[in-house]
Structure formats: structure tokens, C-alpha cells
Amino acid sequence: MFKNFKITCDEATTICDKNQYGEATFVEKVKLQLHFLSCKICRMYTKHNTLLTKIYKKKAKSDRAQKATLCMSHDEKERLRKEFEKLSA
Amino acid sequence: MSEPTAVVHKLEPNKWIDNYSDYLFNYAIVRVNNHDLAKDLVQETFFAGLKSAKNFEGKSTERTWLISILKRKIIDYYRKINSKKGQAEVRMNFYEDGENEGSWIEERVPQSWENEAEKKIESKELHNQIDDCIDHLPEKYAMVFRMKTIQEFDTEDICKELDITPSNLWVIIHRARTQLRKCLEENWFNN
């Protein structure tokens, strides 16, 4: 019965990546755990992945704080206005 | 008692730039992560809006209508980068066929990390290194990865906005993350 649960490293790491967003299904998680029993490399990949997720989340937070203030410059808007007026005339 | 009449919205193109350029620019930049590109998309949206203003039926607000045009521009952009061939192709990490299909390619196998020190995970240098690694991905991988991981959009929303399937999305996320892990290993953790 375990034959259906056997997956490759490519598939295992795909599930692992999906799991970083909490979106792996129960069956996928079982397959992943079974794969870990025999694969040290994918276990390490997962360990790194968990740390990276933490890092990406921190980065997401700091990026969003910066982006909130991003907009077009006054000059860019004026240039756009001129182009736009030409077109609508 | 009279039936409430539906509000008919009107377009006022002469006020678009003042009223909507910031809103549209923000919508675009969180998706494409590039100032000039976002600016161009906003411009194209206004121009396309003006051209098709006569088709506006007044059923939605002006803003909703403009956003729907911008959304189409973003899908067009995604399709364009999706069809680009040959440039910055993502490196394969697993054998694609043969008896080793799906196994790690030897030189791409994850190495153990030397300075996993937690204290470094908030440094500005690391964040810059991540941006650098993301910029080395093919554009579509970078775009989907950023939307999912940095902007933290729902899978469903990304799929709808870019017109891709969830399994499509997970393949892209998988390739992007595998590639990024390797890039950070070489340039940060084991550097």
C-alpha cells in the first residue's frame, strides 16, 4: 500500500515548498514524512526552507513598510498629464 | 414609494491623474515590483480608458472600471514574460528523465549551512542579497514568488489575476524557492 506514497525528491521538495505557506494537504504531508525516513537531503532542504520562510516573512514586513510610501513623483505625473492632454485634445 | 434608481456613474478623464494615479500605481507596483514598469502600466491604463470611454456604461465606479483595465494590462505583461524564451532560464535542480528522474542533481544538492545564526535574519544586507537573488530569477518566477511570499497574496487571487492554475503556481514557487535557496547558500550562508 505504501507504493502510492513513494515520491521523488522533486515532488517532496514541491510539497515542502507548498507547506511553507500552510497549503499542503494531509496526504501530501504524509508522503513528505515517509520520504524523510529515507532522504537526508530533503530533510536538510526542509530545515533550510523553514528558516528561509522566517526570513522572507521579516523581509515582507519591512518591504511593505517601505512600499507604503512609494508613488509616482510630481514630475512623472506632470509628464503623464501632458501626454494625456495631447491625447484627449 | 418609488424604486431606488441605480446610480449611473460618469467618467471624468480630466480628473483621472489627480484622483487615481497613486491608487493605480500602488496596485501595479506591488505586482510588478518595478517603478518604471508600474508607471508605464498606469499610463497605458489611462490611455486605454480614454480610448474606450465611449463604451463605459456607468454600471461600476470610475475607479473599478480603471482597475479592470489595469488588471488586463498586468495579465498581458505576465503573458509576455511567460513566453519569453532563453533568457535567465532557471537552473534545473533535479534530473528530468532517465532512471534518476526526480532525484537531486549532484552539484545542486543542498549543503549544510555554516552561519545559520538567527541574529542575521533581519539585517538589511541579507534583505538586499535576497532581492539580488530574486532579480536573477526569470521574470515570471520573480513575479509569482514576490506576489506569494513578499506581498503575501492568496493563491486563489494570484491564479485569478495571472490566469494560471494552482498547480502551475506551485511549480513556479517550487522552482523559485529551490533556486533562491541555492543562491543564498552560495552568497550568504556559506559565503
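Protein chains get the first letters and strands the later ones, always in sequence-line order, with residue 1 at the start of each.
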With no hydrogens and no angle check, do the side chains of [X] and [Y] hold a donor and an acceptor under 3.5 Å apart?
X      : Y      : value
A:Q20  : A:Y56  : no
B:Y95  : B:E106 : yes
B:R177 : A:T53  : yes

Legend entry - With B:R146, the side chain to side chain contact (heavy atoms under 4.5 Å, CB included) member among B:L137, B:V30, B:D131: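 Single pass found, and it is B:D131.
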Legend entry - Heavy-atom contacts under 4.5 Å, residues 40-54 of chain B to chain A: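 Residues of residues 40-54 of chain B touching chain A at under 4.5 Å: B:V42, B:Q43, B:F46, B:F47, B:L50.
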Inset, instruction - Considering only heavy atoms, give the residues of residues 152-171 of chain B separated from chain A by less than 4.5 Å, sorted numerically, with 'none' for an empty result. - result: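 Counting heavy atoms that sit under 4.5 Å from chain A, the residues of residues 152-171 of chain B involved are B:E152, B:T155, B:W170.
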Legend entry - A:F5-A:H35 aromatic ring centre distance below 6.0 Å: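 Between A:F5 and A:H35, the centre distance exceeds or equals 6.0 Å.
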Legend entry - B:R63 to B:Y23 six-membered ring, cation-pi geometry met (6.0 Å, 45°):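 Ring-cation test returns yes.
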Do [X] and [Y] make a side-chain contact, defined as non-hydrogen atoms from C-beta onward lying under 4.5 Å apart?
X      : Y      : value
B:M143 : B:I74  : yes
B:N93  : B:Q179 : yes
B:D132 : B:Q129 : yes

Legend entry - Heavy-atom pair count under 4.5 Å with chain A, highest-scoring of B:S103, B:A38, B:P110, B:A176: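 So the answer, after comparing B:S103, B:A38, B:P110, B:A176, is B:P110.
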Inset, instruction - Tell me, out of B:I173, B:N14, B:L180, B:T178, who's got the most heavy-atom pairs with chain A below 4.5 Å. - result: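 Option with the greatest count: B:T178.
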Inset, instruction - Give me the contact list for residues 8-17 of chain A versus chain B, heavy atoms only, anything under 4.5 Å, ordered by residue number. - result: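 Only A:T8, A:C9, A:D10, A:T13, A:T14, A:D17 of residues 8-17 of chain A have a heavy atom under 4.5 Å from chain B.
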Inset, instruction - Select one option (side chain, backbone, both, neither) describing which atoms of B:E101 are under 4.5 Å from chain A's heavy atoms. - result: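 Just the backbone, heavy atoms under 4.5 Å.
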Inset, instruction - Give, as side chain, backbone, both or neither, the part of A:M72 having an atom under 4.5 angstrom from any heavy atom of chain B. - result: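 Contact with chain B is through both the backbone and side chain of A:M72.
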Inset, instruction - Measure from the side-chain N and O atoms of B:E62 to the backbone N and O of B:E12, and report whether any donor-acceptor pair falls under 3.5 Å. - result: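 Judged by distance alone, yes, a pair lies under 3.5 Å.
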Inset, instruction - Just say parallel, tilted or perpendicular for the rings of B:W65 and B:F56, cut-offs at 30° and 60°. - result: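 The rings of B:W65 and B:F56 stand perpendicular, inter-plane angle above 60°.
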Inset, instruction - Specify the closest pair of heavy atoms between A:C42 and B:W104, including all atoms of both residues, with the distance to one decimal. - result: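 Looking at all heavy atoms of both residues, the shortest contact is SG-NE1, 3.5 Å.
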Legend entry - Worked verdict on B:W16 versus B:S21 for side chain to side chain contact (heavy atoms under 4.5 Å, CB included): CA-CA 7 Å; B:W16 283 356; B:S21 55; over 6 Å; no
Inset, instruction - Tell me, please, which residues at least two apart from B:E99 pass side chain to side chain donor-acceptor pair (under 3.5 Å). - result: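 With sequence neighbours excluded, B:E99 shows a side chain to side chain donor-acceptor pair (under 3.5 Å) to no residue whatsoever.
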Inset, instruction - Decide side chain to side chain contact (heavy atoms under 4.5 Å, CB included) for B:W188 and B:S123; before the verdict, give the C-alpha distance in whole Å, the side-chain angles of both, and the deciding distance to 0.1 Å. - result: CA-CA 12 Å; B:W188 185 263; B:S123 79; 3.6 Å; yes
